[in-house]
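The shown structure was predicted, so the numbers you read here are calculated from the model rather than taken from an experiment. Below, read A as the first sequence line, B as the second, and so on, with proteins coming before strands; counting in each chain starts at 1.
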Amino acid sequence: MTDKYVWGTIQFIGLVLAQVLVFNHLNILGSINPMIYILFFFWYPVQENRTVLIGLSFILGFSVDLFSDTMALHTAASLTTAFFRFPIMRFVFGVNMEFQNFRIANSTRVQQYSFLALLIVIHHLTFFGLEIFSLPNLLLILKRILFTGISTFVFGVLLISLFSGRKE
Amino acid sequence: MQRIINFILNNKNTLLYVLLFIISIFLTIQNSSYHQARYFNSANWLSGNIYGMNASVRGYFNLNEENQKLLEENQRLRSLLFNIDPRDTIEMDTASLTYEVFPARVVKNSYAEPDNYITLDRGSSDSIVQDMGVITSKGILGIVEKSSSGFSSVQSVLNSKSNINAKILHTDYFGSLKWDQEDYRVVQLEDIPRLDPAPMKVGDTIVTGAMSSIFPENIPIGTIDEIELNQAGSSYKINVHLFNDMTNLRYAYIIRNRKRPEVLNLEKEVANDR
């Protein structure tokens with residue numbers, strides 16, 4: 001039981017540090033930084049309390065914000081992702097969710113990746129939707145949503161396959 | 001009463017989400033004006049120290065390059081020093097100097113965001129406060145926006161809120177330096193009135209102007225890349241290619257103008273008299 005919380009804490013801190021020390025400085029093609037801390041919502045246990053998840057997502061987003069000087073954009077985006085995580089899981093995994101021993105790791109690849117993709121879509125839409133007020137034109141925002149989304153997805157899939165053994 | 005409690009319990013997730021979301025929106029909007037400096041920034045103790053550790057590790061990979069930069073700067077300063085008229089006495093009392101310079105290390109830098117901030121490892125305990133200018137050996141970097149005890153957060157020239165007085169070298173035509181958030185190598189100089197013939201050519205140097213009490217005059221900024229007229233045709237909009245490579249910053253100098261309080265006081269009094 002405690003093992004689970006220890007892993008969760010390490011994962012949380014690890015994701016924040018990886019995000020702010022590595023992925024925020026990648027600047028692929030000049031300005032694209034994948035937001036891999038979204039993986040927290042992918043790895044978070046399915047049966048856990050939703051209220052706790054929303055609270056944790058606030059802390060997660062806020063810690064990333066503290067490091068990135070983005071005020072509370074990451075906080076708002078990660079809150080929204082946490083809120084919509086349950087409906088997305090319903091949509092992707094369907095009836096399987098009802099089983100007590102359901103695990104994301106046991107579902108099909110397609111389901112896993114579409115779950116991740118939907119999390120990224122919700123997150124990036126909120127993040128860049130709020131950033132719209134500080135960006136001069138719409139085209140730039142759409143470009144950033146698209147390219148950042150793709151890069152987050154690619155790095156997300158890589159990291160998921162890298163750590164997939166640990167969850168069993 | 002029972003119903004209200006039941007309603008709250010049934011919708012606690014939604015309510016919590018809405019509450020926290022409103023808090024985050026509030027924190028974001030607070031950022032909108034320059035003088036309402038942000039409450040939370042990477043100049044706090046925790047992120048400052050983590051970035052500091054990170055920077056001290058990364059620093060080793062650029063030692064050669066940094067030495068080269070220092071050598072070039074020393075060469076430039078020495079050639080300046082050897083060519084000034086020797087005076088009988090050189091003032092040794094630093095208290096009477098107008099500008100004071102503090103060295104600092106860049107612990108965090110960003111250039112790909114729409115609003116960029118730089119974190120330096122000097123803070124209020126080194127008497128760094130808001131509205132001090134920050135430069136490197138090559139040119140200007142930005143203005144200190146907020147400082148904690150050990151770190152300070154600098155509003156980079158690559159920030160939509162940045163507005164710095166600048167002029168064309170060897171003339172007195174000045175305008176304001178802004179950034180259109182597109183290219184991190186190019187900033188825009190606006191509000192230079194239209195004249196015939198134009199007082200500048202592509203390739204001319206842009207330096208800081210004398211109108212600011214933050215930067216000393218004639219600190220290099222960049223060279224002119226492109227000159228165009230604004231929509232009304234009354235003033236120029238000049239694209240300036242920065243001397244500084246904003247993607248690769250390690251060390252910076254913070255400039256303190258000792259006479260700034262006096263200037264501000266005077267300006268305030270005049271404003272009050274009107």
Side-chain angles (χ1 to χ4, degrees), chain A residues 13 16-17 20-22 24-33 49-59 61-86 126-128 130-137 139-141 143-144 148, chain B residues 9 12-32 38-48 50-51 53-55 57-58 107-119 145-146 153-156 159-161 179-185 247:
Chain A
I13 297 172
V16 172
L17 287 183
V20 298
L21 295 182
V22 180
N24 269 0
H25 303 281
L26 282 189
N27 296 315
I28 308 163
L29 301 177
S31 68
I32 296 155
N33 292 324
N49 193 336
R50 286 180 68 196
T51 319
V52 177
L53 177 65
I54 291 180
L56 280 176
S57 73
F58 185 82
I59 305 172
F62 195 72
S63 345
V64 176
D65 272 323
L66 269 186
F67 283 93
S68 335
D69 286 308
T70 37
M71 281 315 284
L73 288 176
H74 285 292
T75 317
S78 95
L79 264 177
T80 314
T81 318
F83 185 70
F84 287 107
R85 183 178 183 260
F86 192 71
T126 331
F127 185 86
F128 290 106
L130 289 171
E131 206 174 40
I132 222 164
F133 301 110
S134 61
L135 272 175
N137 60 52
L139 198 70
L140 203 64
I141 300 202
K143 232 166 70 185
R144 279 179 71 119
T148 315
Chain B
L9 283 179
K12 63 175 190 288
N13 288 330
T14 316
L15 291 173
L16 182 69
Y17 166 67
V18 170
L19 176 78
L20 292 176
F21 195 78
I22 289 171
I23 293 176
S24 56
I25 295 289
F26 171 74
L27 289 175
T28 308
I29 289 172
Q30 243 200 348
N31 191 22
S32 54
R38 300 154 302 144
Y39 274 129
F40 303 105
N41 53 43
S42 57
N44 61 64
W45 175 85
L46 179 71
S47 49
I50 289 179
Y51 276 131
M53 281 193 280
N54 188 33
V57 174
R58 281 175 189 232
V107 295
K108 181 239 164 186
N109 176 28
S110 78
Y111 53 88
E113 305 296 320
D115 289 314
N116 294 291
Y117 294 93
I118 298 164
T119 309
E145 188 180 288
K146 199 158 191 225
S153 177
V154 176
Q155 180 189 299
S156 158
N159 190 310
S160 58
K161 293 189 283 176
W179 188 48
D180 64 2
Q181 306 179 323
E182 273 174 25
D183 188 338
Y184 54 79
R185 286 163 299 190
T247 63

*Contact winner vs chain B - A:A82, A:G61, A:A76, heavy-atom pairs under 4.5 Å*: A:A76

_Between B:Y117 and A:S68, does the side chain to side chain donor-acceptor pair (under 3.5 Å) criterion hold? Intermediate values first, please._
CA-CA 9 Å; B:Y117 294 93; A:S68 335; over 6 Å; no

Measure across [X] and [Y] and return the closest heavy-atom pair with its distance rounded to 0.1 Å.
X: A:T51; Y: B:K12; answer: OG1-CE, 3.2 Å
X: A:L130; Y: B:I25; answer: CD2-CD1, 3.5 Å
X: B:K108; Y: A:F67; answer: CE-O, 3.6 Å
X: B:R58; Y: A:L21; answer: NH2-O, 3.0 Å

*Would you sort out whether B:I50 and A:L17 count as a side-chain contact (heavy atoms from CB on, under 4.5 Å), showing the intermediate values?*
CA-CA 9 Å; B:I50 289 179; A:L17 287 183; 4.2 Å; yes

_In terms of relative ring orientation, are A:F83 and B:Y17 parallel, tilted or perpendicular, with 30° and 60° separating the classes?_
parallel

*Please test A:F58 against B:L16 for side-chain contact (heavy atoms from CB on, under 4.5 Å), starting from the C-alpha separation and ending with a verdict.*
CA-CA 10 Å; A:F58 185 82; B:L16 182 69; over 6 Å; no

Could you give the distance from [atom1] ([X]) to [atom2] ([Y]), rounded to the nearest 0.5 Å?
X: B:T14; Y: A:I54; atom1: OG1; atom2: CD1; result: 7.5 Å
X: B:I23; Y: A:T75; atom1: CD1; atom2: OG1; result: 10.0 Å
X: B:N109; Y: A:N24; atom1: CG; atom2: CG; result: 12.0 Å

*For B:N13, is it the side chain, the backbone, both, or neither that has a heavy atom closer than 4.5 Å to a heavy atom of chain A?*
both

*Measure A:H74 against the heavy atoms of chain B and call it side chain, backbone, both or neither at under 4.5 Å.*
neither

